[in-house]
Amino acid sequence: MQALHTQINPHFLFNTLNTISSLIRTNPELARRLLIKFSQMFRFTLQYTGRVITIEKEWAQVSGFLEISIARHGDKLFVTHNIDPAIFSYGIPSLTLQPIIENSIKHGLQPREVGGSIAIEGTMTDTDIIITVTDDGVGFQGDPDYYLEHPPQGHIGLSNVHQRLRGLYGAPYGLAITSVPEEGTTVVIRIPKVQPESDSTPERTE
């Protein structure tokens, strides 16, 4: 978990603060909203790191991350989502989905001058939860599975999530990646239907 935080937080921290700073004069209301989202994200990290939380909480965290990312990238980032509300009450290890989406933006879409799109879908079977993240970015150079087992420096996010899910739930679960160079990548997250940990910490609202 510490390795994952070390990879994600510094880049996201500085990029977000720069975005908010640039908006303070031109769009102060948006700057204020993003600052609230930003503080909620870091509160989430402190409160739920290492826990199995509801998919609803995880999605709220991801929604804040996406709002900040869209504000930063503008019309170079287009996001759609289609998530079955029935999955929201089931459990997911915290910080499972955000690293996948951040990887799509950073390594898939940012190298393209025109940016691109991300589609997020969430469904379930009788036994499993399946969340799919698809982008139309530059794709992987080489075998995507290699990044899950032997991640190069700066690419630990996918492997970290995969190994955590495997460690918690066993070999049938984790990530599956398909990718076509210059066409895009699909990452499928598969986890079992589990209940979240009980949460006695009161929610704070702004």
Side-chain angles (χ1 to χ4, degrees), residues 1-85 87-110 115-122 131-135 137 157-158 160-161 164 187 189 196-197 199-206:
M1 290 301 296
Q2 184 60 45
L4 183 62
H5 293 164
T6 299
Q7 181 210 22
I8 293 175
N9 289 350
H11 298 290
F12 186 66
L13 169 66
F14 294 124
N15 290 333
T16 300
L17 289 178
N18 286 335
T19 299
I20 292 172
S21 176
S22 69
L23 288 169
I24 286 175
R25 291 187 177 181
T26 60
N27 193 338
E29 183 55 35
L30 178 57
R32 176 183 178 276
R33 188 166 74 246
L34 294 182
L35 194 57
I36 291 172
K37 294 289 185 183
F38 188 56
S39 66
Q40 289 173 341
M41 288 184 61
F42 273 85
R43 187 181 302 136
F44 174 97
T45 302
L46 293 172
Q47 189 171 350
Y48 295 117
T49 292
R51 297 175 57 182
V52 176
I53 61 174
T54 63
I55 294 175
E56 184 175 24
K57 281 190 172 72
E58 179 82 351
W59 179 246
Q61 155 80 353
V62 168
S63 296
F65 170 79
L66 286 171
E67 184 171 350
I68 292 171
S69 298
I70 290 170
R72 178 186 168 207
H73 295 285
D75 58 7
K76 289 187 176 182
L77 175 59
F78 181 70
V79 180
T80 60
H81 56 83
N82 182 20
I83 298 178
D84 183 352
I87 75 173
F88 281 146
S89 62
Y90 289 99
I92 189 170
S94 65
L95 288 176
T96 291
L97 188 51
Q98 180 187 324
I100 308 303
I101 296 172
E102 185 163 11
N103 188 82
S104 289
I105 296 172
K106 181 178 179 181
H107 299 294
L109 302 183
Q110 280 186 191
S117 64
I118 295 175
I120 306 162
E121 295 188 358
I131 301 174
T132 304
V133 179
T134 302
D135 68 65
L158 292 174
N160 189 296
V161 172
R164 282 194 292 135
V187 179
I189 306 166
E197 298 175 15
D199 186 3
S200 59
T201 305
E203 294 275 351
R204 288 182 58 183
T205 58
E206 298 297 334

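The model shown is predicted, which means the values in this text are computed figures rather than measured ones.
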### Query
Side chains of Leu95 and Asn160: closer than 4.5 Å at any heavy-atom pair?
no

### Query
What distance separates Lys37 NZ from Gln61 CD, expressed to the nearest 0.5 Å?
10.5 Å

### Task
Please round to the nearest 0.5 Å and tell me the distance separating atom CG of Leu158 and atom OG of Ser104.
8.0 Å

### Message
Contact between Leu66 and Ile120 at the side-chain level, heavy atoms closer than 4.5 Å - yes or no?
### Response
yes

### Task
For residues Ile131 and Trp59, determine if any side-chain heavy atom of one lies less than 4.5 Å from a side-chain heavy atom of the other.
no

## Note on the structure
Between the OG1 atom in Thr96 and the CZ atom in Arg164, the distance rounded to the nearest 0.5 Å is 5.0 Å

Considering only distance and modelled atom types, tabulate donor-acceptor pairs under 3.5 Å from the side chains of residues 23-31, sequence neighbours left out.
| from | atom 1 | to | atom 2 | distance (Å) |
| --- | --- | --- | --- | --- |
| Thr26 | OG1 | Ser22 | O | 3.4 |
| Asn27 | OD1 | Leu30 | N | 3.2 |

#### Entry: Stepwise side chain to side chain contact (heavy atoms under 4.5 Å, CB included) test for Thr132 and Ile189
CA-CA 6 Å; Thr132 304; Ile189 306 166; over 6 Å; no

#### Entry: Heavy-atom pair of closest approach, residues Thr54 and Pro196
CG2-CG, 3.5 Å

### Query
Checking Glu58 side chain against Ile92 main chain: does a donor-acceptor pair fall under 3.5 Å?
no

### Query
Where is the tightest heavy-atom contact between Ile101 and Phe65, given as atom of each residue plus distance?
CG2-CE2, 3.9 Å

### Message
Under the rule for side chain to side chain donor-acceptor pair (under 3.5 Å), what residues qualify as partners of Ser117, not counting sequence neighbours?
### Response
Asp136

### Query
To the nearest 0.5 Å, what is the distance between CD (Gln98) and OG (Ser69)?
8.0 Å

Expected list for residues 75-82: side-chain donor-acceptor pairs under 3.5 angstrom, two or more places apart:
| from | atom 1 | to | atom 2 | distance (Å) |
| --- | --- | --- | --- | --- |
| Lys76 | NZ | Glu113 | O | 3.2 |

